[in-house]
Amino acid sequence: MHPPESAEELLNRCRRIAGFTLEELAAELAVALPKDLKRDKGTVGQLLELALGASAGSKAEPDFPHLGIELKTIPIDAQGAPLESTYVCVAPMSGFALERFEDSWVYRKLSRVLWVPVLASRDIPLAQRTIGQAFLWRPSPAELATLQQDWEELMELLRLGQLSQIKGQHGVALQLRPKGANSLALTDALNEDGATVQALPRGFYLKTSFTRALLQRQFA
DNA sequence: CTCTGATCATTA
DNA sequence: TAATGATCAGAG
């Protein structure tokens with residue numbers, strides 16, 4: 001699948017597959033679908049990347065670089081509420097002294113997002129989960145302000161080396177959580193003296209309260 | 001090894 | 001039962 005040439009083409013591709021079960025989509029793409037996501041947590045996202053022609057792969061870029069659009073699948077329940085938080089990007093834990101919000105990965109990835117809801121309550125077998133109506137989103141001025149405020153608060157913790165104080169509870173919309181192979185994974189970080197130490201890698205995630213509001217606004 | 005795609009699973 | 005911390009697979 002070649003990359004879509006415009007946002008409109010991308011949305012048309014989404015409309016065509018809305019209502020498909022994951023089994024149907026996998027069959028059309030001629031790829032195998034695992035029995036569940038226990039050992040294949042990224043399957044749904046990769047299926048949609050394939051179906052829609054996303055090209056960035058595992059590079060640190062939006063999925064559709066030429067359109068500046070990031071693709072996010074989001075698991076929802078029958079009421080349309082998100083079932084999981086949404087991973088955004090890894091958090092810089094060293095060497096980020098001059099970074100401004102407008103230059104951050106958080107800003108670049110969230111400035112334009114194609115949300116693809118998937119009805120994915122845990123009691124629905126993976127194969128039977130259905131793709132919902134996708135929509136293109138830009139943060140409202142208020143949402144952007146919230147994101148920026150959170151980002152600055154969280155970056156301050158990282159800059160000051162307050163590693164032990166980092167909890168998922170910081171932030172209104174964004175939070176910092178572990179993002180690594182396991183709890184033993186290590187990356188360079190700063191301690192309180194500004195020295196480089198090894199610490200658990202973290203990522204920025206969107207809290208479900210934030211994505212819930214965004215979904216409700218769209219489908220209200 | 002890092003970053004992507006995320007969800008799992010235990011805790012509070 | 002929601003939230004937090006832990007975890008899994010693949011690409012590059």
Side-chain angles (χ1 to χ4, degrees), chain A residues 1 3 22 25-26 29 31-65 69-79 81-96 104-106 108-110 113-127 129 131 134 150 154 157 163-189 196 198-213 215:
Chain A
M1 178 69 76
L22 295 183
L25 186 60
L29 297 169
V31 299
L33 195 65
K35 167 177 157 293
D36 57 46
L37 299 179
K38 281 186 171 59
R39 311 204 76 90
D40 299 87
K41 303 182 199 278
T43 289
V44 180
Q46 286 155 0
L47 211 52
L48 268 297
E49 286 181 345
L50 195 56
L52 299 177
S55 58
S58 67
K59 295 195 288 290
E61 283 184 16
D63 295 286
F64 304 97
I69 295 175
E70 171 74 8
L71 169 65
K72 287 292 177 198
T73 61
I74 183 164
I76 58 167
D77 66 17
Q79 282 67 245
L83 293 167
E84 291 288 347
S85 55
T86 302
Y87 168 70
V88 180
C89 59
V90 293
M93 306 202 31
S94 63
F96 45 90
S104 70
W105 287 113
V106 169
R108 291 160 66 181
K109 290 212 166 183
L110 295 184
V113 178
L114 178 72
W115 294 100
V116 183
V118 177
L119 182 57
S121 308
R122 290 223 185 164
D123 57 356
I124 305 175
L126 180 63
R129 297 182 181 181
I131 297 166
D150 284 351
L154 298 171
L157 287 175
L163 300 174
S164 63
Q165 287 186 34
I166 294 175
K167 303 277 185 287
Q169 68 184 74
H170 294 290
V172 174
L174 278 177
Q175 63 182 175
L176 229 29
R177 303 232 304 280
K179 176 60 174 175
N182 52 50
S183 62
L184 275 21
L186 293 172
T187 191
D188 284 354
T196 298
Q198 296 295 110
L200 185 63
R202 320 284 174 134
F204 287 108
Y205 294 74
L206 290 175
K207 295 187 174 188
T208 53
S209 55
F210 184 81
T211 49
R212 179 181 301 116
L215 288 166

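Every chain is numbered from 1, with letters handed out A, B, ... down the list of sequences.
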Of the residues in residues 34-42 of chain A, which ones touch DNA chain B at a heavy-atom distance under 4.0 Å? A/Leu37, A/Lys38, A/Lys41, A/Gly42
What is the distance, rounded to the nearest whole Å, between atom NZ of A/Lys179 and atom C1' of C/dG10? 12 Å
Nearest-neighbour nucleotide for the A/Leu200 side chain, C/dA3, C/dA6, C/dG5 considered: C/dA6
A/Lys207 has an atom NZ; how far is it from atom P of C/dG5, in whole Å? 11 Å
Between A/Val44 and A/Thr187, just flag the one whose closest nucleotide in DNA chain B comes earlier from the 5' side. A/Thr187
Rounded distance (Å) that lies between atom C1' of C/dG5 and atom NZ of A/Lys167: 11 Å
Indicate, with a heavy-atom threshold strictly under 4.0 Å, whether A/Pro201 touches base, sugar-phosphate, or nothing. nothing
Partners of A/Arg122 by salt bridge (charged side-chain N to carboxylate O under 4.0 Å, His left out), sequence neighbours excluded? A/Glu84
Between C1' on C/dG12 and CD on A/Glu61, what's the gap in Å once rounded to a whole number? 12 Å
So which one's nearest nucleotide on DNA chain B is more toward 5', A/Ala91 or A/Gly180? A/Ala91
What integer distance in Å separates A/Glu84:CD from C/dA6:P? 16 Å
Along DNA chain B, 5' to 3', what are the outermost nucleotides having an atom less than 4.0 Å from a heavy atom of chain A? B/dT2 to B/dA9
Could you tell me the separation between the CG atom of A/Leu184 and the C1' atom of C/dC8, rounded to a whole number of Å? 15 Å
